[in-house]
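Notes follow once the structure below has been shown.
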Amino acid sequence: MSNTLQGKKIAFLAADGVEKVELERPRAALEDAGARVELLSLEKGEIQARNHDLEPAGTFAVDRAVSASAVGDYDGLVLPGGTVNPDKLRLDDSAVAFVRDFVDSGKPVAAICHGPWTLVEAGVAKGRRLTSYPSIRTDLRNAGADVVDEEVVVDGNLITSRSPSDLDAFCATIIEQLAHAPAG
């Protein structure tokens with residue numbers, strides 16, 4: 001365990017259908033680097049995780065509803081994937097506004113797999129260089145993004161990756177970007 005991210009507080013925004021490994025691995029990596037992590041969702045309680053979108057994979061306790069959260073309380077935001085999770089988030093005005101405001105704040109925002117769908121809904125993909133799971137790349141292009149097929153892509157404060165196979169690079173890049181970002 002290092003103290004690279006000591007004093008940093010990171011929000012994860014997810015809903016039912018989140019891909020378990022895409023929440024667990026980055027959260028563990030950030031905590032191991034010294035960050036405090038909170039799970040935000042559409043409401044308090046628990047969210048249902050999935051493996052490969054179809055298999056139930058347990059639940060995660062939600063720390064706070066996104067509607068009761070403020071961008072200023074966090075140093076970074078992580079948007080895990082799973083197809084159902086971002087589909088639910090992009091239908092919620094509070095979640096979409098939170099993501100838009102977070103990107104506009106200049107603080108690091110990381111999205112993996114289908115997570116960038118929420119970036120599209122928030123209107124922050126235009127003109128940005130992004131990657132994602134192959135099935136949503138057309139959506140990103142239609143939103144004006146420059147879409148590439150790379151393990152991890154950093155464009156300003158946005159960090160994107162394609163799939164669980166990219167988690168090692170995704171986690172390392174999030175830690176690196178957060179370590180160089182000002183606190184608060």
Side-chain angles (χ1 to χ4, degrees), residues 4-5 8-15 17-19 21-27 29-30 33 35 37 40 53 66 71-72 74-93 95-184:
T4 307
L5 299 181
K8 304 269 185 169
K9 187 175 176 185
I10 314 305
F12 276 66
L13 178 57
V18 66
E19 187 69 24
V21 69
E22 293 174 5
L23 194 158
E24 275 186 337
R25 291 241 336 254
R27 180 167 73 177
L30 290 168
V37 174
L40 311 180
D53 281 328
V66 68
V71 171
Y74 303 97
D75 299 294
L77 173 64
V78 178
L79 301 168
T83 56
V84 174
N85 164 46
D87 200 44
K88 287 181 179 285
L89 292 177
R90 65 187 184 155
L91 293 175
D92 184 88
D93 292 340
V96 172
F98 186 79
V99 171
R100 180 182 313 109
D101 293 347
F102 221 105
V103 173
D104 290 346
S105 78
K107 296 176 185 181
V109 176
I112 189 167
C113 201
H114 288 76
W117 250 347
T118 313
L119 300 175
V120 169
E121 195 65 34
V124 297
K126 186 174 185 176
R128 302 302 289 265
R129 188 170 181 267
L130 305 172
T131 194
S132 70
Y133 195 74
S135 66
I136 69 164
R137 290 182 186 159
T138 297
D139 297 331
L140 293 173
R141 280 189 202 91
N142 288 341
D146 173 18
V147 180
V148 297
D149 182 12
E150 296 176 14
E151 185 177 51
V152 65
V153 174
V154 177
D155 182 338
N157 64 325
L158 292 181
I159 304 157
T160 53
S161 280
R162 302 171 296 193
S163 71
S165 63
D166 298 330
L167 277 167
D168 288 342
F170 183 65
C171 294
T173 303
I174 295 169
I175 291 168
E176 177 184 321
Q177 294 297 308
L178 285 167
H180 295 100

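Heavy atoms only: backbone and side chains are in, while hydrogens, waters and symmetry mates are out. Note that the numbering runs from 1 along the sequence shown for the chain.
A donor-acceptor pair under 3.5 Å is formed between the side chain of N157 and the backbone N or O of V103. Of the possible polar contacts, one joining the N85 side chain to the P80 backbone as a donor-acceptor pair under 3.5 Å is found. Under the 3.5 Å distance criterion, the side-chain polar atoms of R128 are matched with a main-chain donor or acceptor of D155. Using modelled atom types, no side-chain atom of K88 and backbone atom of G17 make a donor-acceptor pair closer than 3.5 Å. Side chain of E121 to main chain of V96: no donor-acceptor pair is present (N/O by atom type, distance under 3.5 Å, no hydrogens or angles). With hydrogens and angles disregarded, a donor-acceptor distance shorter than 3.5 Å links the side chain of D75 to the backbone of K9. Counting only distance, with no hydrogens or angles, the side chain of K8 and the backbone of L30 share no donor-acceptor pair below 3.5 Å.
For the pair R25/D168, a side-chain contact is recorded, criterion being any heavy-atom separation below 4.5 Å from C-beta on.
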Return a table of donor-acceptor pairs under 3.5 angstrom between the side chains of residues 144-154 and protein atoms on other chains or two or more places apart.
from, atom 1, to, atom 2, distance (Å)
D149, OD1, R137, NH2, 3.3
D149, OD1, R162, NH1, 3.0
E150, OE1, R129, NH2, 3.3
E150, OE2, R129, NH2, 2.4

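What you find for L178 and P108 is that their closest heavy atoms are CD2-CG, 3.8 Å. Heavy atoms only, all atoms of each residue included: L5 and A179 are closest at CD2-N, 3.6 Å. Shortest non-hydrogen contact noted between I136 and C113 is CD1-O, 3.7 Å. A14 approaches L23 most closely through the heavy-atom pair CB-CD1, 4.1 Å.
Rounded to the nearest 0.5 Å, atoms CD1 (I10) and CD1 (I175) are 10.0 Å apart. Annotation: the span from I159 atom CD1 to C171 atom SG amounts to 10.5 Å, rounded to 0.5 Å. In this structure, the separation between CH2 on W117 and OG1 on T83 is 6.0 Å, given to the nearest 0.5 Å. Here the CZ atom belonging to F12 is positioned 11.0 Å from the CD atom belonging to E24, to the nearest 0.5 angstrom. Here the straight-line distance linking atom CG of L89 with atom CG of L13 works out to 4.5 Å at 0.5 Å rounding. The structure places CD1 of I112 at 6.0 Å from CG of D166, a figure rounded to the nearest 0.5 Å.
Note on ring orientation: taking the six-membered ring where Trp is involved, the planes of F98 and Y74 are perpendicular (angle over 60°, cut-offs 30° and 60°).
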Intermediate values then yes/no, side chain to side chain contact (heavy atoms under 4.5 Å, CB included), E22 and V18: CA-CA 8 Å; E22 293 174 5; V18 66; 5.7 Å; no

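Within the structure, ring pair (Phe, Tyr, Trp, His ring centres under 6.0 Å) contacts touching residues 142-175 (residues at least two apart or in different chains) do not occur.
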